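Take a look at the structure set out below.
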Number of protein chains: 2
Amino acid sequence: MDVKSLCLGALSLKDASGYEIKKMFEEGPFSHFYDAGYGSIYPALNKLLADGFVTCTEIEQEGRPAKKVYSLTETGLSSLKEDLNKLPVLDKTRSESITMLFFGHLLSPKHREEILESYIDYFRNGCECIEGVDPTGQPAGRLFVRGLGLAVYEAAANYMEENKDLLLSIDEENDETEKQNNLLVETGDAA
Amino acid sequence: MDVKSLCLGALSLKDASGYEIKKMFEEGPFSHFYDAGYGSIYPALNKLLADGFVTCTEIEQEGRPAKKVYSLTETGLSSLKEDLNKLPVLDKTRSESITMLFFGHLLSPKHREEILESYIDYFRNGCECIEGVDPTGQPAGRLFVRGLGLAVYEAAANYMEENKDLLLSIDEENDETEKQNNLLVETGDAA
DNA sequence: TTGATTATATATCAAAACGATATATATCAA
DNA sequence: TTGATATATATCGTTTTGATATATAATCAA
């Protein structure tokens with residue numbers, strides 16, 4: 001499922017402009033499991049328009065470019081359903097926060113704490129974000145995904161709050177770290 | 001933190017070839033929060049070599065191309081520490097499974113169940129993968145990330161198993177779905 | 001035993017995606 | 001009043017991806 005498919009998915013929820021689709025990905029219903037930038041959204045919309053999967057209505061605005069509102073066509077809905085009927089590829093995740101915590105021993109204690117607290121906040125805010133949307137009348141799939149997100153975010157935040165001492169107790173310059181580093185070197189060379 | 005930085009990170013754990021680095025991303029310690037393909041790993045290693053961040057030892061092999069083993073230099077370690085000292089960007093996640101479950105009402109019941117059961121298996125297998133590695137002697141950061149992964153994967157699998165009826169009870173063609181779709185259209189147009 | 005599959009290795013490249021940038025007014029908070 | 005943010009349309013250089021190339025070794029199932 002590429003960015004074009006996801007734009008079709010967004011437009012299956014409601015008609016939207018490129019800017020609004022970006023907001024749906026970034027802050028809206030998709031924000032916890034999908035994102036794409038303007039660099040791919042606008043080309044995708046142009047391609048979908050050329051292929052007849054969407055139609056476009058331009059609304060003149062004062063002091064701004066005309067707003068282009070895209071709507072899903074029947075052809076587009078069929079294409080979306082076809083994509084949804086395939087098997088999903090594995091999740092793709094890239095987390096700089098987890099990567100930095102993984103290398104916690106190479107960070108200063110202050111930086112380590114900063115990243116950890118920010119990451120906890122990220123999940124707490126994510127929960128509030130999800131809870132801030134009234135679930136009444138939402139389709140079952142969306143409710144399910146909402147509940148999944150909450151479960152995962154709460155588990156992550158709870159684990160990190162309960163285990164922060166494990167990470168914050170690292171002494172960057174002590175013998176234990178060096179011993180651990182030497183153990184890693186030895187383990188690596190054993191291969 | 002781009003692919004070059006992550007290659008430096010991988011080499012901080014042990015010397016490795018491009019192929020081994022890919023395995024570390026795909027199946028090893030990074031597999032739950034970072035991945036990259038050969039298409040970016042080999043160019044990254046070549047750039048790091050040119051920049052003096054790594055050195056390279058070629059080991060001749062019978063019947064195969066020579067194995068190129070890369071090692072981190074002091075310059076490379078400094079560059080890695082510098083990258084780790086920055087603030088992380090937000091996590092980037094792209095999940096086709098969650099996207100498909102989100103649009104559950106557009107799927108057949110059989111396909112919905114297939115995706116759901118596969119996704120539960122993905123997390124259960126992920127837990128077994130993590131638990132299959134002996135944590136003894138691992139640095140605190142790595143232990144912390146290991147625990148976080150377990151907490152998140154278990155929460156996800158548990159939630160989905162406990163709530164699968166919510167998703168599997170969707171009747172694709174019934175009035176409820178149409179009513180929900182109409183509600184969505186009305187909600188969308190209210191904007 | 002044999003054929004299929006997977007593992008081990010090095011890579012490249014066309015296509016897709018990203019993030020910064022361009023342009024410019026409206027709105028808001030200090 | 002000023003700086004930051006929001007609302008809009010986009011593009012483009014850079015990065016990344018996924019398929020592909022090449023080829024033998026090892027493993028596995030029939």
Side-chain angles (χ1 to χ4, degrees), chain A residues 1-8 15-28 30 34-51 54 56-70 83 86-96 191, chain B residues 1-7 15-28 30 34-51 54 56-70 83 86-96 99 191:
Chain A
M1 293 192 73
D2 57 3
V3 172
K4 292 197 295 298
S5 301
L6 263 297
C7 286
L8 292 178
D15 295 350
S17 63
Y19 180 86
E20 286 166 343
I21 289 175
K22 168 65 170 164
K23 289 305 170 189
M24 288 170 79
F25 288 166
E26 199 173 62
E27 302 168 8
F30 299 90
Y34 196 94
D35 193 12
Y38 295 118
S40 18
I41 290 173
Y42 283 107
L45 288 173
N46 287 329
K47 186 67 164 68
L48 293 171
L49 193 58
D51 289 344
V54 303
C56 177
T57 303
E58 290 196 33
I59 303 173
E60 293 299 325
Q61 296 191 118
E62 276 192 63
R64 284 175 183 167
K67 184 175 183 178
K68 289 179 171 178
V69 180
Y70 295 84
D83 284 339
K86 290 167 181 168
L87 290 179
V89 302
L90 290 180
D91 287 6
K92 294 177 171 64
T93 301
R94 190 168 285 189
S95 173
E96 286 197 8
Chain B
M1 293 192 73
D2 57 2
V3 173
K4 292 197 295 298
S5 301
L6 264 296
C7 287
D15 296 351
S17 63
Y19 180 86
E20 286 165 344
I21 290 174
K22 167 67 170 165
K23 289 305 170 188
M24 289 170 79
F25 289 167
E26 197 173 61
E27 301 168 10
F30 297 91
Y34 196 94
D35 194 11
Y38 295 117
S40 19
I41 290 174
Y42 285 105
L45 287 173
N46 287 330
K47 186 70 165 66
L48 292 171
L49 193 59
D51 290 343
V54 303
C56 177
T57 302
E58 289 197 36
I59 303 174
E60 294 298 322
Q61 296 190 116
E62 275 193 64
R64 285 173 181 168
K67 184 176 185 178
K68 290 180 170 177
V69 180
Y70 295 86
D83 283 339
K86 292 168 180 170
L87 290 179
V89 300
L90 290 180
D91 288 7
K92 295 178 170 62
T93 300
R94 191 168 284 189
S95 173
E96 285 198 9
T99 302

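Please read these numbers as outputs of a predicted model, since none were measured by experiment. So you know, we letter chains A, B, ... as the sequences are listed, proteins then strands, and number each from 1.
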Those residues at least two apart in sequence (or on a different chain) that pass side chain to side chain contact (heavy atoms under 4.5 Å, CB included) with A/Gln61 are A/Arg64, A/Lys67
DNA chain C nearest-nucleotide lookup for B/Glu27 and A/Lys4: closer to the 5′ end is B/Glu27
Touch class at under 4.0 angstrom, heavy-atom based, for B/Asn46 against every strand present:
nothing
For B/Tyr34, the ring pair (Phe, Tyr, Trp, His ring centres under 6.0 Å) test, sequence neighbours excluded, returns B/Phe25
Separation of D/dT11 atom P from A/Leu45 atom CG, nearest Å, is 12 Å
B/Glu96 atom CD is separated from C/dA17 atom C1', nearest whole Å, by 15 Å
note: B/Lys67, atom NZ; C/dT8, atom P; distance rounded to Å ~ 9 Å
B/Tyr42 meets the side chain to side chain contact (heavy atoms under 4.5 Å, CB included) criterion, sequence neighbours left out, with B/Tyr19, B/Tyr38
To the nearest angstrom, the OH-P distance between A/Tyr34 and C/dA16 comes to 13 Å
From CG of B/Leu90 across to P of C/dC18 the rounded distance in Å is 14 Å
Look only at the side chain of B/Thr99 and the backbone of B/Ser95, and say whether a donor-acceptor pair between them is shorter than 3.5 Å. yes
Rounded to whole Å, the CD-C1' distance (B/Glu20 to C/dT8) equals 9 Å
Here the distance between atom P of C/dT12 and atom NZ of B/Lys22, to the nearest Å, is 17 Å
The dot-bracket string of DNA chain C, counting Watson-Crick and G-U wobble pairs with both distances under 3.5 Å, using [ ] for crossing pairs and | for pairs to another strand, is ||||||||||||||||||||||||||||||
Of the candidates C/dT12, D/dT16, C/dC18, the side chain of B/Tyr42 sits closest to C/dT12
Residues at least two apart in sequence or cross-chain that pass side-chain hydrogen bond (donor to acceptor under 3.5 Å, both in side chains) with B/Lys92, listed by chain then number, are none
Notebook entry, point to check: Would you say D/dT17 has OP1 or OP2 under 4.0 Å from some side-chain N or O of B/Arg94?
Noted result: no
On DNA chain C, more 5' by nearest nucleotide between B/Tyr70 and A/Asp2 is B/Tyr70
Taking N or O atoms only and anything under 3.5 Å, show me the protein contacts with nucleotides 19-26 of chain C, one pair per line.
residue: C/dG19; atom: OP1; partner: B/Lys92; partner atom: NZ; Å: 3.1
residue: C/dT25; atom: O4'; partner: A/Gly63; partner atom: O; Å: 2.9

With sequence neighbours left out, the residues meeting side chain to side chain contact (heavy atoms under 4.5 Å, CB included) with B/Asp2 are B/Lys4, B/Ser5
Taken in chain and number order and not counting sequence neighbours, the residues that satisfy salt bridge (Lys or Arg N to Asp or Glu O under 4.0 Å) with A/Asp91 are none
Applying side chain to side chain contact (heavy atoms under 4.5 Å, CB included) to B/Pro88 and not counting sequence neighbours gives A/Glu96, A/Ser97, A/Met100, A/Ile115
| field | Pair A/Lys23-A/Glu26, salt bridge (Lys or Arg N to Asp or Glu O under 4.0 Å): steps then yes or no | value | CA-CA 5 Å; A/Lys23 289 305 170 189; A/Glu26 199 173 62; 3.2 Å; yes
